[in-house]
Amino acid sequence: MSHWYQPHERWPRHPKSWWRETLDLARAAGWHLQTVDGHTWGRIVCDPDADKPCKVLVFSSGVGGESAALTARKTVTRCDHLAAAGAGQILLRAAELLDRAEAMLAAASRCLEAADRRAQAEELLLGAATAADEAEKLAQALLREEDGERLVVEAFAVLPHGSELGCPPTPAELDVLIVDASVQVDEAQQLADGLPAGDPGDGLRARIGQVRARVEDLGERLRRGPDAHGSPSA
């Protein structure tokens with residue numbers, strides 16, 4: 001049984017470090033991975049749609065694995081199929097990476113907002129001083145809980161394929177999601193570094209900066225924890 005992975009998707013982890021380095025290089029260069037069962041772990045292909053694409057077998061283990069991985073790296077760096085596609089292909093691939101990163105961050109943001117709503121609801125209930133006050137705060141707390149549930153539903157709706165969250169999402173899961181988004185941004189940056197100055201490369205670099213800033217902002221929000229005192233955002 002085999003499975004194809006595109007460069008913007010997360011690839012399976014190879015058991016050998018030298019192959020992991022080679023696979024990271026190939027993925028960043030826009031190659032595709034096909035995993036298979038058996039001694040042959042898989043193969044990497046520069047462009048499955050090309051007439052005669054460059055391709056390399058990736059083995060699970062065996063004698064000479066490190067040497068084979070180093071040879072594979074040379075094949076990746078010398079391949080000119082993807083280079084022939086030009087800046088347009090690079091821009092398209094970078095945009096896909098950023099789209100995926102933004103979807104991850106949108107899901108993480110909604111989950112963080114949901115946690116804020118839950119914290120606000122708990123604070124309202126704990127702060128009730130009288131029976132009348134308790135009734136009013138209970139009504140407000142229920143609204144916060146409903147907001148939180150709605151935000152979690154929205155988070156799952158925007159979550160990109162291949163990413164996972166529990167229900168409700170844990171801080172550890174959100175941290176993984178934000179880190180994964182950062183990896184997508186780093187890969188887009190690697191592609192952008194190969195583009196000349198000027199449009200449209202400058203526009204791509206500006207977008208990378210914006211998405212990276214959001215990664216840092218959400219990472220800080222996660223470290224800070226739920227905001228029980230904050231007011232709900234529109």
Side-chain angles (χ1 to χ4, degrees), residues 5-13 24 27-28 93-128 133-192 203-234:
Y5 294 89
Q6 298 183 51
H8 68 271
E9 296 179 311
R10 176 184 288 182
W11 288 9
R13 181 181 173 86
D24 286 344
R27 184 176 172 224
R93 196 176 306 283
E96 290 175 347
L97 289 166
L98 293 175
D99 287 344
R100 185 171 176 82
E102 288 183 326
M104 292 176 176
L105 296 174
S109 177
R110 283 166 171 78
C111 290
L112 290 171
E113 290 177 21
D116 287 347
R117 299 297 188 275
R118 289 192 293 269
Q120 292 162 13
E122 291 175 4
E123 186 177 71
L124 282 167
L125 293 177
L126 291 173
D133 189 33
E134 183 177 359
E136 180 181 354
K137 290 186 181 297
L138 177 59
Q140 295 177 20
L142 288 174
L143 289 176
R144 300 292 195 279
E145 289 286 358
E146 289 175 1
D147 278 347
E149 292 173 1
R150 173 183 56 80
L151 287 164
V152 171
V153 170
E154 291 179 1
F156 280 97
V158 300
L159 192 67
H161 177 71
S163 298
E164 296 181 356
L165 285 174
C167 189
T170 65
E173 289 170 333
L174 294 181
D175 183 56
V176 169
L177 195 62
I178 294 171
V179 169
D180 283 350
S182 180
V183 170
Q184 305 293 309
V185 177
D186 288 343
E187 291 184 18
Q189 182 69 65
Q190 290 178 5
L191 293 172
L204 174 64
R205 295 183 187 95
R207 185 184 174 193
I208 289 172
Q210 293 169 356
V211 180
R212 194 181 298 282
R214 194 169 184 211
V215 168
E216 295 173 356
D217 176 63
L218 290 177
E220 176 59 29
R221 284 180 60 187
L222 179 62
R223 288 188 291 272
R224 198 167 58 233
D227 181 9
H229 300 281
S231 57
S233 58

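What's counted below: heavy atoms across the whole structure, side chains too, no hydrogens, waters or symmetry copies. Each residue takes its place number in the sequence, starting with 1.
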Exercise for the section: Go through the structure and list residues passing side chain to side chain contact (heavy atoms under 4.5 Å, CB included) with D24, not counting sequence neighbours. Expected result: none
Exercise for the section: First locate atom SG of C111, then atom CD of E154, and finally report the distance between them rounded to the nearest 0.5 Å. Expected result: 10.5 Å
Handout entry: Partners meeting side chain to side chain contact (heavy atoms under 4.5 Å, CB included) with R224 (sequence neighbours left out)
Key = E220, R221
Problem - Atom pair CG (L191) and CD (E96), whose distance is rounded to the nearest 0.5 Å - result: 10.5 Å
Practice task
Please report the closest heavy-atom contact between S109 and R214, naming both atoms and the distance.
Solution key: CB-NH2, 3.6 Å
Problem - With E102 via side chain to side chain contact (heavy atoms under 4.5 Å, CB included) - residues at least two apart - result: D99, R207, V211
Handout entry: Shortest non-hydrogen contact between I178 and G219, atoms and distance
Key = CD1-N, 4.1 Å
Handout entry: Under the salt bridge (charged side-chain N to carboxylate O under 4.0 Å, His left out) test, residues paired with D186 that sit two or more places apart
Key = R212
Between side-chain atoms of residues 170-177 and protein atoms elsewhere (two or more places apart, or another chain), which donor-acceptor pairs fall under 3.5 Å?
from: T170; atom 1: OG1; to: E173; atom 2: N; distance (Å): 3.2
from: T170; atom 1: OG1; to: E173; atom 2: OE1; distance (Å): 3.4
from: E173; atom 1: OE1; to: G166; atom 2: N; distance (Å): 3.0
from: E173; atom 1: OE1; to: T170; atom 2: N; distance (Å): 2.9
from: E173; atom 1: OE2; to: G166; atom 2: N; distance (Å): 3.2

Completion exercise
A192 meets the side chain to side chain contact (heavy atoms under 4.5 Å, CB included) criterion, sequence neighbours left out, with Q189, L204, R205, I208
Exercise for the section: Please name the pair of heavy atoms, one in L97 and one in A188, separated by the smallest distance, quoted to 0.1 Å. Expected result: CD1-N, 3.6 Å
